[in-house]
Amino acid sequence: MSFDIDAGPEAASGAPADVCSRTMPRRAVAFLSLLLVCVGIWTYRNSLDGDGIFDDDPNVGAAVDMYKNPSPKLLLPRPRSLAYLTFALNYKFDSGRVRSFHQVNRAIHILAALVLFGVAGRTLRLPSLGGRYDDEAADRIAFCIALIWLVHPLQTQAVTYMVQRIESSMGLFYLLCLYCLIRGATAQRAWPWYVLDVLLFFLGIGTKEVIGTAPLLMLLFDRIFLAGSWREVIRRRGWFYGLLLGPMILFGLYMAPYFNTKWSHDMGLGHPWITPWMYARTQTAVILHYLRLAYWPDKLCLDYCWPVMPVRELVVPMAVISALLALTLWALRYRSRVGFLAAGFFLILAPTSSFMPINDLAVEHRMYLPLACVVSLTVLAAYAACERFAVRAGWSRGIAPKILIATSIVIAFPLALRTVARNRDYRNSLAMWQSAVAAYPMSHRATNNLAVSLWEAQRKQEAREYFRRAFDMECIRSANRGGYLDSYGGLKWVLNALGKPNDIFPILSEGVARHPNLVHYHWFLGDELLGAGDSTRAVAELREAVRIDPGFNAANVMLATALFLEDRPRDAIEHLRALVRREPKDTAAANYLAWVLATHPDPTVRNGHEAVRLSEDVCLARNAKDAKSWGTLAAAYAESGRFDDAVKACQTSISLAHVKTLKASESPEPLHRQMSCYSERRPYRIKVEELAVHRSPGGPAARSTKKGTTIRTSLEAAGTPNGVRICIL
């Protein structure tokens, strides 16, 4: 099959790029544009009343807070601030009705399809293609590309999922930037289009950072479609690319501090246990999965929780993606138009699907714009096949666009029906999580959220079973990485609500028997045994957890607590000291050790000077901002006889506790009791049994899973009854 959409390099260099060879037939374009709008409205007609789900709540809630509490700080640029502003405007002008959020999302998607129609049509008319496509062919090819892209079910996550307005808006700005470049290159007065292009680019940056690849893609487009050489690119539009590049660097420098804050976490950046190589190799399988869904979107999933894959399972995906990349570079070497589409696919995916670790390894909305490249390449190949078929049949080549239109409608209709069906999955959380688990059963987070939805639907025994499944999957997947598992909190919560809290013991014991080398089963069982007062068995389980994963700090701290409760304080102290030496950045372990050294009732265990050294390192050198650390410092000062310093440190601790009290309704009463001791120039002492209350700082005893939060909560707090319920853990 021929992919001949080129007229050869000489056509690109010989044809002027500043004027368009033909005027667009406005009536045909207007009709096809109207048809795209109607198709988009029909396809997403059942998406308007769907509930908000998963990440919708925190994002829409943040927008509501933005509207309720306006501040000059909101004017400062922050990651994705423009997208959040649109949520706030939605709330302001329509009282937070969920339907209006969906209407805006649908409008953005339809507008993006119209811009894609314009980009494709104008590109096919460029002089560099040497008249390869006449007006009728250009219009119909562009329409087919936009139509299939518009109705493709892979787009539903960027359209029907409310929060992914971030992705679709970025895609719209990306396409508009490319459109303005084409208009500027073919207009008599180019500079207004280029200035508008720069403005749209910065609006895109305020929506999502992926648009940072747009200047490079536009540069490739310029060289392949508009200019005969790189020198001509620089001569004609060098100042334009300078405008794009310079401020983008400044914006990146300004935004850099946010990548070390909660904003980085909100955007899903950074994985402490995934290296760039692990992420990159797994992305080869993810990209192949994306391509399969582009051609056969049978099973769509909101939340894959795609695991890092071993190299032995990635031999074929790595070979295929490497071959595709090599072919792309080869095609670009000869300035092939096919090479541009392939490069666009990989370039747009590069920020999220290359080597930078992101919390979610696979999400379907990342294919929103790359899908346009896949569809364009496929439609152009189909048109070439239609031309060849027409010639062999003895027909006029002019019949090829009509054959292409008919074929595209035949393909688009079932895709649109699949999109309509997929929109139904978004009607509520239960439907969505059922579809997610059916599509990808190994997603522990989807399984966990399905359990929550089942519980809220009063299907309690099913909820218990799915919490158990999620817990087992998460233990297996987490292996030796340590950390708390959200599904455990849900499982505990359900067992307590059913009045069967002791059922956790056979569940954990069975897990230990089936998977003796998985650290979490031992860790959680040790925690539960401590809670039940069986410190001897708890020590055995926790020692096994530490043996399996020596770097699992929470298990190490819990083991020390178990040793204290076993009346083995010296063993516990030495274990904590070894942990602090091995993990000097673990402030929780250092603070725990300092607290015991300052407050233990046994004078042979206490060591005030060591406690002061550890606490000052946590509070002063590392500038701790939590009440617990400053309370420990106060106790250490008192043990060393520095009661005036103890009073000051305790006052700081009480102040921090009061700030926390306003948010979490917690009482700083224990700190007031400690203050009484220091004011009377007495050190503070604990009972060893009190350590069991905090037997695992930051671990399972200190964690709970909330049953659910809602957009309704945020909107009703703002004075409106309109909203929806959302399940999110």
Side-chain angles (χ1 to χ4, degrees), residues 553 556-558 560-565 567-581 583-661 666-699 701-702:
N553 292 351
N556 279 282
V557 170
M558 194 188 297
T561 299
L563 291 171
F564 279 123
L565 296 176
D567 197 22
R568 298 164 60 183
R570 290 172 180 78
D571 291 342
I573 293 291
E574 289 306 314
H575 185 75
L576 285 174
R577 283 172 175 158
L579 176 61
V580 171
R581 286 194 299 269
E583 302 289 345
K585 295 182 179 180
D586 186 0
T587 57
N591 188 69
Y592 187 36
L593 175 57
W595 175 254
V596 172
L597 292 173
T599 61
H600 199 279
D602 187 346
T604 62
V605 172
R606 295 194 301 272
N607 187 329
H609 296 295
E610 184 179 0
V612 168
R613 177 180 60 79
L614 291 168
S615 294
E616 285 185 339
D617 179 61
V618 172
C619 294
L620 303 181
R622 306 190 193 190
N623 195 26
K625 299 294 184 182
D626 62 291
K628 182 184 292 186
S629 297
W630 283 91
T632 301
L633 179 60
Y637 281 146
E639 175 62 22
S640 299
R642 298 167 57 179
F643 293 103
D644 292 337
D645 292 334
V647 169
K648 294 178 182 178
C650 195
Q651 287 174 341
T652 301
S653 180
I654 291 172
S655 299
L656 293 170
H658 276 295
V659 171
K660 186 177 181 181
T661 300
E666 296 181 0
S667 172
E669 183 59 31
L671 292 172
H672 288 292
R673 291 198 300 269
Q674 295 170 34
M675 177 65 82
S676 299
C677 292
Y678 307 148
S679 299
E680 297 171 3
R681 309 189 75 76
R682 293 185 293 109
Y684 183 74
R685 297 287 179 262
I686 62 168
K687 297 180 180 179
V688 175
E689 293 78 12
E690 294 178 16
L691 295 173
V693 178
H694 304 288
R695 57 186 183 271
S696 177

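Just so it is clear, the structure is predicted and the values come from calculations on it, not from any experiment.
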Can any side-chain N or O of S615 pair as donor or acceptor with the backbone N or O of A611 at less than 3.5 Å?
-> yes
Using atom types as modelled and distance alone, determine if a side-chain donor or acceptor of R568 lies under 3.5 Å from a backbone N or O of L563.
-> no
Do you know which two heavy atoms are closest between A634 and C650, and how far apart they sit?
-> CB-N, 3.6 Å
Does any donor atom in the side chain of Y678 or Q651 lie under 3.5 Å from an acceptor atom in the other side chain?
-> no
Could you tell me whether the side chain of D571 reaches within less than 4.5 Å of the side chain of P569, counting heavy atoms only?
-> no
Looking at side-chain heavy atoms only, is the closest gap between V557 and H575 below 4.5 Å?
-> no
Kindly indicate, with the supporting measurements, whether the criterion side chain to side chain contact (heavy atoms under 4.5 Å, CB included) is fulfilled by N591 and K628.
-> CA-CA 8 Å; N591 188 69; K628 182 184 292 186; 3.6 Å; yes
Which heavy atom of T599 sits nearest a heavy atom of W595, and at what distance?
-> OG1-O, 2.6 Å
Side-chain donor/acceptor of S653 to backbone N/O of W630, under 3.5 Å = no
Verdict with reasoning, R681 to D644, per salt bridge (charged side-chain N to carboxylate O under 4.0 Å, His left out) = CA-CA 8 Å; R681 309 189 75 76; D644 292 337; 3.5 Å; yes
Which distance, rounded to the nearest 0.5 Å, do you find between the CD of E616 and the OG1 of T632?
-> 13.0 Å
Which heavy atom in M675 sits nearest to a heavy atom in V647, and how many Å separate them?
-> CE-O, 3.5 Å
Any side-chain donor-acceptor pair under 3.5 Å between Y592 and T561?
-> yes
C619 and S629 have their tightest heavy-atom pair at SG-O, 3.2 Å
With a 4.5 Å limit on heavy-atom distance, are the side chains of L593 and L614 in contact?
-> yes
Report the C-alpha separation of N607 and H609 in whole Å, then their side-chain angles, then the decisive distance to 0.1 Å, and conclude whether the side chain to side chain contact (heavy atoms under 4.5 Å, CB included) test is met.
-> CA-CA 6 Å; N607 187 329; H609 296 295; 4.0 Å; yes
Checking side-chain hydrogen bond (donor to acceptor under 3.5 Å, both in side chains) for the pair T604/R570: CA distance, chi angles, key distance, verdict?
-> CA-CA 9 Å; T604 62; R570 290 172 180 78; 2.6 Å; yes
Going through the distances and angles, do R606 and R685 end up as a side chain to side chain contact (heavy atoms under 4.5 Å, CB included)?
-> CA-CA 10 Å; R606 295 194 301 272; R685 297 287 179 262; 3.2 Å; yes
Look at the side chain of T652 and the backbone N and O of K648, then say whether any donor-acceptor pair between them is shorter than 3.5 Å.
-> yes
Heavy atoms, side chains only, cut-off 4.5 Å: are F564 and H600 in contact?
-> yes
Under 4.5 Å between any side-chain heavy atoms of V580 and D586, yes or no?
-> no
Does the side chain of K687 come within less than 4.5 Å of P601's, by heavy atoms?
-> no
Starting from the C-alpha separation in whole Å, work towards a yes-or-no answer on side chain to side chain contact (heavy atoms under 4.5 Å, CB included) for D617 and R613.
-> CA-CA 6 Å; D617 179 61; R613 177 180 60 79; 5.9 Å; no
How many angstroms lie between CD in E610 and OG in S640, if you round to the nearest 0.5 Å?
-> 11.0 Å
Are side-chain heavy atoms of H672 and I654 found at a separation under 4.5 Å?
-> yes
